[in-house]
Amino acid sequence: MREGAAAVALWDVDRERVEALAAELDSAELNTAELDTAELDATPAENTAVGRAPADATDSVRVRAYTVDIADREAISRAARRTREELGDPDILVNNAGIVRGALFWEHEPERDIEATMRVNTLAPMWLTRELLPAMLADRSRPKRILNIASAAGTLANPRMSVYAASKWAMIGWSDSLRLELEREGHGHIAVTTFCPSYISTGMFSGARGPLLTPIMRPSTAVRAAWRGMLAGTPIVTKPWTVKLAMALRGVLPTRAWDAIGGRVFHVYSSMDRFTGRG
């Protein structure tokens, strides 16, 4: 909103929470710190599209809340059509949806845990981007941005988050491939940024312990890093710096050597041992 958006669309499966967030963002009394926190911590299953308002709109920023089950492809299609009709085509798309089941793989229920995680974390961003991308491709009048919130979990294997890690691994692969496709096909007005943070204190990962030199991040810190990277068109943003260090070490060390360092020195492999989540 501070960047001059004409409209903000918020999507969430929880009607009460998304409407409360929309009201909060719509309030002129919301300060910068509160805005940063609200944008990321409102709910773990939220997508935000910031778009240009239709020609007959007023100068005031319009914030609209939409109740959408993004695990349902048809629901995404209907909501995308309605959002575009009411607010116009978006200039910025933030795929911020995410759910996690912190458990051993064989403790995951096939439908409730495995399928739901892959639908929300991986397929939904693809489906939504596919709905909105044609209009972004067609409009070269201004820069466009797609910000995909992945996770450091998508860069390293980790016990008790196998399905979550898989969903974010897939998201990173898709997101950065999309970036390359757009660049190679001459669509330079659209930049794709993939954000890979470690644990953030939103409640989603309550009980998790940050690895060595990796404190649990405040939502405002994560938001600033992701937003600045998106505006600059940075392909991949990692936060904190230890995420990139771990990626480099994992890339050059033999697997068993990394297992020893990642597990016994950095304590990556035990970071989810006390996970409780949102309860």
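Everything numeric here is computed off the predicted structure, so don't read it as measured data.
Between Arg142 and Asp91 there is a salt bridge, since a side-chain N of the basic residue sits under 4.0 Å from a carboxylate O of the acidic one.
Under the 3.5 Å distance criterion, the side-chain polar atoms of Thr276 are matched with a main-chain donor or acceptor of Ser206. Side-chain atoms of His189 come within 3.5 Å of backbone atoms of Met136 as a donor-acceptor pair (strictly under, hydrogens ignored). Although no hydrogens or angles enter the test, the distance criterion places no donor-acceptor pair under 3.5 Å between the side chain of Thr129 and the main chain of Met126. Proximity of a side-chain donor or acceptor of Arg101 to a complementary backbone N or O of Glu107 within less than 3.5 Å is detected. Counting only distance, with no hydrogens or angles, the side chain of Thr193 and the backbone of Thr234 share a donor-acceptor pair below 3.5 Å. In this structure a side-chain-to-backbone donor-acceptor pair under 3.5 Å is missing from Arg179 to Val192.
Considering only heavy atoms from C-beta on, Arg140 comes within 4.5 Å of His187 through its side chain. For the pair Thr214 and Tyr199, the minimum side-chain heavy-atom distance is 4.5 Å or more. Using a 4.5 Å heavy-atom threshold, the side chains of Thr242 and Ser198 count as separate. Taking the side chain as every heavy atom from C-beta outward, Val63 and Leu21 never approach each other to under 4.5 Å. Contact annotation: the side chain of Thr255 approaches that of Asp259 to within less than 4.5 Å [non-hydrogen atoms, C-beta and beyond]. Taking the side chain as every heavy atom from C-beta outward, Leu133 and Leu93 never approach each other to under 4.5 Å. Between Leu147 and Ile92 there is no side-chain heavy-atom pair separated by less than 4.5 Å. Within the 4.5 Å cutoff, the side chain of Thr202 has heavy atoms near those of the Arg278 side chain.
Here CG of Asp72 is found 10.0 Å from OG of Ser77. Values are rounded to the nearest 0.5 Å. The CG atom of Asn121 sits 8.0 Å away from atom CE of Met171, with the distance rounded to the nearest 0.5 Å. The structure places CZ of Arg119 at 11.0 Å from CD1 of Ile99, a figure rounded to the nearest 0.5 Å.
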Full working for side chain to side chain contact (heavy atoms under 4.5 Å, CB included) between Val268 and Asn158: CA-CA 7 Å; Val268 173; Asn158 198 18; 3.9 Å; yes
What verdict does the side chain to side chain contact (heavy atoms under 4.5 Å, CB included) test give for Val18 and Tyr66, after you've listed the backbone C-alpha separation in whole Å, the side-chain angles of each residue and the deciding distance to 0.1 Å? CA-CA 7 Å; Val18 73; Tyr66 299 87; over 6 Å; no
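Contact record, Ile76 with Trp11: O-CH2, 3.7 Å, taken as the closest heavy-atom pair. Between Thr194 and Asp176, the closest heavy-atom pair is OG1-N, 4.1 Å. Contact record, Arg264 with His267: O-CE1, 3.2 Å, taken as the closest heavy-atom pair. Nearest heavy-atom pair across Arg209 and Ser270 is NH2-OG, 2.8 Å. The heavy-atom pair separating Trp127 from Ala71 by the smallest distance is CZ3-O, 3.7 Å. Closest non-hydrogen pair, Gly263 versus Tyr269, comes out as CA-CD1, 3.8 Å.
If you chain together ILVMFWY residues whose side-chain heavy atoms come under 4.5 Å of each other, Met247 ends up grouped with Val243.
Remark: of the listed residues Phe205, Phe275, Trp169, Phe205 is the sole one forming a ring pair (Phe, Tyr, Trp, His ring centres under 6.0 Å) with Tyr164.
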